[in-house]
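To start, the structure under review is shown below, and the notes come after it.
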Protein chains: 2
Amino acid sequence: MRIGQLAQLVGVETQTIRFYEQQGLLPPPDRQDNGYRVYTEKHGEGLAFIRRCRILGLSLAEIHELQSYQDDPHQPCTAVNALLDDHISHVRSQITALQALEKQLVSLRASCNDDREVEACGVLAGISEGNMHQL
Amino acid sequence: MRIGQLAQLVGVETQTIRFYEQQGLLPPPDRQDNGYRVYTEKHGEGLAFIRRCRILGLSLAEIHELQSYQDDPHQPCTAVNALLDDHISHVRSQITALQALEKQLVSLRASCNDDREVEACGVLAGISEGNMHQL
DNA sequence: TTTAAACTATAAAGCTACTATAAGGTCAAT
DNA sequence: ATTGACCTTATAGTAGCTTTATAGTTTAAA
Ligand SMILES: [Zn+2]
Ligand SMILES: [Zn+2]
Ligand SMILES: [Zn+2]
Ligand SMILES: [Zn+2]
């Protein structure tokens with residue numbers, strides 16, 4: 001299988017595949033005499049694994065870590081579970097932060113319901129006055 | 001006021017101030033004979049405005065847009081309010097996406113409550129099997 | 001007074017996870 | 001023979017800084 005076929009199969013761009021190879025997430029495939037990369041089914045599985053991890057929001061570093069666990073299949077999976085726990089709490093804190101942000105933005109927006117001149121815009125005034133507890 | 005004092009006053013790093021100047025968000029200040037930047041109170045206000053916008057999650061481009069409105073104070077503030085509305089909906093969609101992600105991660109995590117070998121880890125299996133509706 | 005700490009300057013690279021562009025080699029078909 | 005689709009590498013761009021390198025300036029201590 002050449003790179004274009006693999007890309008289409010998994011639903012990524014060819015550059016992304018080369019990028020993952022360069023980052024050490026995908027093993028370098030064999031090459032044809034003309035230099036073209038030749039991929040096996042294993043590469044397809046590896047690439048699909050990476051993509052599913054990315055969809056779950058895992059960073060390339062975290063994926064790398066998971067791969068290192070896969071290479072050592074008789075270790076206890078504590079580290080894998082811990083990695084996911086960390087990631088979940090990371091996602092949760094992002095959610096919390098964004099919810100607080102939304103609240104602030106909504107109250108800021110509420111300070112200017114009508115059409116005024118920029119000079120008197122409640123939104124701009126709210127930002128400029130700096131009545132935000134963060135700063 | 002020199003750059004270090006301004007930085008301390010507003011709570012940013014000096015490089016960040018130079019960066020904002022370079023990006024056209026902060027007007028270039030006068031210079032001393034030795035080349036050192038000299039800032040006025042106005043610069044402090046401008047910088048604080050930028051920082052508060054950043055805390056609200058606004059991009060530098062959005063901040064630039066807001067500044068252009070400030071420069072034209074007798075326009076109606078419709079565009080300001082609209083910018084904020086857009087930003088709020090952006091934040092909301094991020095929250096929604098992250099909540100869906102969290103749900104998926106939690107269910108994935110639940111598939112491996114006990115300590116097993118990596119080989120049998122429910123988390124890794126869950127990712128590898130690809131029973132995710134996205135892919 | 002010398003010297004070292006603290007401050008300033010510019011320019012360039014690094015960070016994440018790609019995406020896009022450039023310039024070119026290979027292959028099948030027309 | 002030439003088009004078009006595919007492949008190659010290398011390089012730059014994205015966002016918002018942060019870090020590093022290198023060097024000049026000011027200020028305070030020894
Ligand atoms: Zn994570
Ligand atoms: Zn308004
Ligand atoms: Zn926005
Ligand atoms: Zn497990």
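Proximity of A:T16 to the phosphate of C:dT19: a side-chain N or O atom is located under 4.0 Å from OP1 or OP2. Proximity of B:R37 to the phosphate of C:dC7: no side-chain N or O atom is located under 4.0 Å from OP1 or OP2. Taking side-chain N and O atoms only, B:R31 has no distance below 4.0 Å to OP1 or OP2 of C:dT8. A close approach under 4.0 Å does not occur between any side-chain nitrogen or oxygen of A:R18 and OP1 or OP2 of C:dA20. Phosphate proximity of C:dA9 to B:N34: absent, as no side-chain N or O sits under 4.0 Å from OP1 or OP2. Between A:Y20 and C:dC18 there is a side-chain N or O to OP1 or OP2 distance below 4.0 Å.
Rounded to whole angstrom, the span from the CG atom of A:L26 across to the C1' atom of C:dA17 amounts to 15 Å. B:L9 places its CG atom 15 Å from the P atom of C:dC7, with the value rounded to the nearest Å. Atoms CD (B:E62) and C1' (D:dG16) sit 13 Å apart, rounded to a whole Å. Per the geometry, CG belonging to A:L25 stands 12 Å off C1' belonging to C:dC18, to the nearest Å. Rounded to an integer number of Å, the gap from A:Q32 CD to D:dC6 P is 15 Å. The CD1 atom of B:I17 sits 12 Å away from the P atom of D:dC17 (whole-angstrom rounding). With rounding to whole Å, A:I50 atom CD1 is found 12 Å from C:dA17 atom C1'. One interatomic measurement links the two molecules: CG of B:D33 to C1' of C:dT8, which rounds to 14 Å at whole-angstrom precision.
Under a 3.5 Å cut-off, the side chain of A:Q104 and the backbone N or O of A:L101 do not form any donor-acceptor pair.
Considering only side-chain atoms of B:Q15, the nucleotide from D:dT18, C:dA17, C:dC18 that sits closest is D:dT18. Closest to the side chain of A:T14, from the set D:dC17, D:dC7, C:dA9, is D:dC7. Side chain of B:Y36, nearest nucleotide from C:dT21, C:dC18, D:dT25: D:dT25.
Between A:I3 and B:E13, the residue whose closest nucleotide on DNA chain D is further toward the 5' end is A:I3. Along DNA chain D, the nucleotide closest to A:Q22 and the one closest to B:F19 are compared, and the more 5′ of them pairs with A:Q22.
Under the 3.5 Å distance criterion, with hydrogens and angles disregarded, a donor-acceptor pair is assigned to the side chains of B:R51 and B:Y20.
Residue-level contact check: A:R2 touches the backbone only, with heavy atoms under 4.0 Å from sugar-phosphate atoms and none from bases.
Placement of B:V80 and A:V106 within a single hydrophobic cluster is found when ILVMFWY residues are connected by side-chain heavy-atom separations under 4.5 Å, directly or transitively.
Between B:E119 and A:H74 there is a side-chain heavy-atom pair separated by less than 4.5 Å. Side-chain contact between A:V91 and A:H87 is present, with at least one heavy-atom pair separated by less than 4.5 Å.
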